[in-house]
Asks: 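Structure provided below as structure tokens; questions to follow.
Per chain, numbering begins at 1; letters A, B, ... match sequence-line order.
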2 protein chains.
Amino acid sequence: MDTKERILRAAMQAFSEKGFNGVSVDEIAKRAGVKKALIYYYFPSKDKIFKEVWDRSLSELEKHLFDEIENEKSYMKKLKGFLKAYIDFVTNRKVISEVINKERASVMSEDKWTDLKERYEGFLSKIASLIDEGKRYNAIYEDIDPMAAANLISGSMVHSEKPGILEKVISVIMRGILKG
Amino acid sequence: MDTKERILRAAMQAFSEKGFNGVSVDEIAKRAGVKKALIYYYFPSKDKIFKEVWDRSLSELEKHLFDEIENEKSYMKKLKGFLKAYIDFVTNRKVISEVINKERASVMSEDKWTDLKERYEGFLSKIASLIDEGKRYNAIYEDIDPMAAANLISGSMVHSEKPGILEKVISVIMRGILKG
DNA sequence: ATTTTTACTTACCGGTTGGTAAATTCTAAT
DNA sequence: ATTAGAATTTACCAACCGGTAAGTAAAAAT
């Protein structure tokens, strides 16, 4: 693994534990086993490190969610596979999930993170498209707002100490959007 | 308004905009129009300021949500009144809502905030009780996990720029938990 | 009028912050 | 072997961080 990658992973781990403002560049350096100045050789600023962590996190999440269901013909299996994959990701890829979860509110409201906000909204739009597709198959209630459902799904996917609670949350959402 | 109150409100406003780690004690002082040392006359530490902001925020939210519905006999009106009051609070008391929303993930996962985590879980329990009550009135699906529903409701109550989206999110949740 | 208590300010502390310039070491091509 | 460029370290900066000690002004109690 090359140096830039080590720095990026150390940053991701640190941000997931303490959030962006709770982590110093020096701490990232120590976790990566490099000197702080070397971080500024690979990245122009702390903000840009976070931007790369954020983009990568969402891309990995998208890949995990959409790659496996892309060849599924049955919409019902597709949607359920999607939600199952989401639970699986939050459970087994805690670092990435926590990065998103810890900084989502700041990303969505602070002006300095406009780019990251748009990246997150793009992710939400993909979920919204999946919901919208369900209307054509008569599987999703017609009056559902796809973007609202996407927000609800993504916003409720937070890791919890008690196991099984995520499945129960999802079952509520499924009953809320799925016919029958 | 006395000085301690001014400090507390300045802190609340600042935390809601930038989160706990994004705000310095000096910034709180400047917003409150006092010197930093005076803050340490009224509060022992920055952590304790936030604890007071957090406790107050949840108490005000609880008051707003439960006070108005306490005399409602019909469970259906009660639950709908509760959700309507929640939307109203998030829409009109943005400062408090954003404090909770921005720091929820950190409070729930970082060891230093054990007290605040318990305070938030107490709040969730009250919502869970309301859900559980609905089962006795045959209004809520029996297989619903009240704590999961409480998490879903509270976690989805985030302010959005687009108006009306909160109502749509809640309508999904209602269909997910309410019979008929 | 004097003392005591409360409210508030000034001035500072050691440590950390994000970030930079310059020097050094390593690597690969010539 | 020399050189050039990439990778990494050392040393530093001004600004800021949370927090404190000592003093002053105002108000309340005696």
Asks: Answer yes when B:Asp55 and B:Lys51 have at least one side-chain N-carboxylate O distance shorter than 4.0 Å, and no when they do not.
Replies: yes
Asks: Out of D:dG19, D:dT8, D:dC17, which nucleotide sits closest to the side chain of A:Tyr42?
Replies: D:dT8
Asks: In whole Å, I'd like the distance from the OH atom of B:Tyr40 to the P atom of C:dC13.
Replies: 18 Å
Asks: In degrees, rounded to 10°, what is the bend between the two ends of the helix from C:dA1-D:dT30 to C:dT30-D:dA1, using five pairs at each?
Replies: 10°
Asks: May I ask you to say whether B:Glu110 pairs ionically with A:Lys18, meaning some side-chain N is under 4.0 Å from a carboxylate O?
Replies: no
Asks: Are B:Trp113 and B:Phe20, when compared by the centres of their aromatic rings, separated by less than 6.0 Å?
Replies: yes
Asks: Provide, to the nearest angstrom, the distance between the NZ atom belonging to A:Lys18 and the C1' atom belonging to C:dT16.
Replies: 13 Å
Asks: What's the closest nucleotide to the side chain of A:Tyr41 if the choices are D:dA6, C:dA7, D:dG19?
Replies: D:dA6
Asks: Mind calculating the distance between NZ (A:Lys46) and P (C:dG18) to the nearest angstrom?
Replies: 4 Å
Asks: Taking all heavy atoms of B:Leu65 and all of B:Ala85, pick out the closest pair and write down the distance.
Replies: CD2-C, 3.8 Å
Asks: Any idea which of D:dT8, C:dT10, D:dG18 is nearest the B:Ala37 side chain?
Replies: C:dT10
Asks: When you measure from the side chain of A:Leu38, which nucleotide among C:dG18, D:dT9, D:dG18 comes out closest?
Replies: D:dT9
Asks: With a 3.5 Å cut-off and heavy atoms only, can you find an N or O donor on one side and an acceptor on the other between the side chain of B:Lys36 and the base of D:dG19?
Replies: yes
Asks: What is the distance, rounded to the nearest whole Å, between atom CD1 of A:Ile39 and atom C1' of C:dT17?
Replies: 13 Å
Asks: A:Tyr41 ring centre to A:Lys35 NZ or CZ under 6.0 Å, with the angle to the axis within 45°?
Replies: no
Asks: Round to a whole Å and report the spacing from CZ of B:Phe50 to C1' of D:dG19.
Replies: 20 Å
Asks: Which pairs count as ring pair (Phe, Tyr, Trp, His ring centres under 6.0 Å) when at least one residue sits in residues 135-180 of chain B, sequence neighbours excluded?
Replies: B:Tyr75-B:Tyr137
Asks: Quick one: on DNA chain C, does A:Asp47 or B:Val34 contact a more 5' nucleotide (nearest heavy atom)?
Replies: B:Val34
Asks: Starting the side chain at C-beta, find the nucleotide from D:dC17, C:dT9, C:dG19 nearest to B:Lys35.
Replies: C:dT9
Asks: Decide whether A:Ser109 and B:Lys102 meet the rule of one side-chain donor and one side-chain acceptor closer than 3.5 Å.
Replies: yes
